[in-house]
Amino acid sequence: MHDFIMAEDSELWDIICDGPFVLTNNVGDLPVMMPKTRKEYTDGDRKVVEKNFCAKKILVCVIGPDEYNRISASQSTKEIWETLQTAHEGTTQVKQSNIDMFTTKYELFRMKNDESIQDMHTRFTSIIKELHSLGEFIPMNKIVRKILSILPSSWESKVMLLLKQRTCRR
């Protein structure tokens with residue numbers, strides 16, 4: 001989501017993370033700010049308001065009906081984003097728990113006896129993608145070594161050949 005929005009406009013991501021720009025006027029000599037009325041908007045103010053609406057529209061357009069029901073009471077893009085984050089990632093503790101769970105799945109991952117290489121790779125990739133979505137990145141060389149280490153013994157000669165080729169290239 002972040003990359004999609006950043007490709008659209010980096011200011012939109014700021015609005016989502018920090019909340020909408022609120023247009024204000026100074027009230028006399030006092031250090032008090034009052035929200036502007038629509039009649040007081042300048043052309044620049046209208047562009048700012050348009051950015052707020054655009055950020056909200058992007059978030060609303062990329063979610064499904066279940067998420068829409070979840071965020072429909074939210075007033076700002078920041079509220080929408082925080083609601084979606086909590087729903088999908090959970091709190092910090094839930095996120096860390098998920099990272100721990102998928103890290104354990106990665107570490108204990110084994111190929112099943114009746115499983116094809118393709119099915120094993122699909123299961124393995126799913127774990128890697130979950131970790132990635134939680135902000136955990138495993139280096140590609142570590143992933144390759146893991147896959148090579150879990151292949152059945154019938155693949156031993158192929159694994160040795162691959163490892164030999166790799167060390168020759170260095």
>> If you apply the rule side chain to side chain contact (heavy atoms under 4.5 Å, CB included), what do you find for I80 with Q75, and how did you get there?
In response: CA-CA 8 Å; I80 292 171; Q75 295 297 310; over 6 Å; no
>> Among residues at least two apart in sequence or on other chains, which ones pass ring pair (Phe, Tyr, Trp, His ring centres under 6.0 Å) with F124?
In response: Y106, F109
> Atom CG of D45 and atom CD of E50: how far apart are they, to the nearest 0.5 Å?
Replying inline: 12.5 Å
>> Within the supplied structure, the quantity of interest is the number of heavy atoms (other residues, nucleotides, ligands) at a distance under 6.0 Å from F53 CZ; does it exceed 12?
In response: no
>> Checking the side chain of T77 only, and the main-chain atoms of A55 only, is there a donor and an acceptor separated by less than 3.5 Å?
In response: no
>> Quick one, I143 with I128, criterion side chain to side chain contact (heavy atoms under 4.5 Å, CB included). Give me CA distance, side-chain angles, the key distance, then yes/no.
In response: CA-CA 9 Å; I143 291 171; I128 299 300; 3.9 Å; yes
>> Could you check whether any side-chain heavy atom of E67 comes within less than 4.5 Å of a side-chain heavy atom of V62, counting everything from C-beta outward?
In response: no
>> Under the salt bridge (Lys or Arg N to Asp or Glu O under 4.0 Å) definition, can you give me all pairs with a residue in residues 96-117, not counting sequence neighbours?
In response: E115-R123
>> Could you go through M111 and D119, starting from their C-alpha distance and side-chain angles, then the distance that decides it, and tell me whether this counts as side chain to side chain contact (heavy atoms under 4.5 Å, CB included)?
In response: CA-CA 9 Å; M111 185 173 176; D119 290 344; over 6 Å; no
>> Looking at every heavy atom in both L108 and K146, which two are closest together, and how far apart are they?
In response: N-NZ, 4.4 Å
>> Under a 3.5 Å distance rule, please check whether E40 uses its side chain to pair with a backbone N or O of T37 as donor and acceptor.
In response: yes
> Within the distance-only criterion (no hydrogens, no angle test), does the side chain of T125 pair as donor or acceptor with the backbone N or O of H121 below 3.5 angstrom?
Replying inline: yes
> Does a side-chain heavy-atom distance below 4.5 Å link R70 with T83?
Replying inline: yes
> How far does CE of M101 sit from CG of L134, to the nearest 0.5 angstrom?
Replying inline: 8.5 Å
>> Return the NZ to CD1 distance between K56 and I58, rounded to the nearest 0.5 Å.
In response: 13.5 Å
> Looking at CD1 of I16 and CG of L59, how far apart are the two atoms once the value is rounded to the nearest 0.5 Å?
Replying inline: 4.0 Å
> Out of curiosity, C17 SG to Q85 CD, how far, rounded to the nearest 0.5 Å?
Replying inline: 7.5 Å
>> Between M120 and L151, is there a side-chain heavy-atom distance shorter than 4.5 Å?
In response: yes
>> Applying side chain to side chain contact (heavy atoms under 4.5 Å, CB included) to R145 and K142, what does each step give before you reach the verdict?
In response: CA-CA 5 Å; R145 276 183 285 173; K142 194 173 177 184; 4.1 Å; yes
>> To the nearest 0.5 Å, what is the distance between OG on S133 and CZ on F102?
In response: 7.5 Å
> Taking only residues two or more places apart in sequence, or in another chain, which ones meet H132 in a ring pair (Phe, Tyr, Trp, His ring centres under 6.0 Å)?
Replying inline: F137
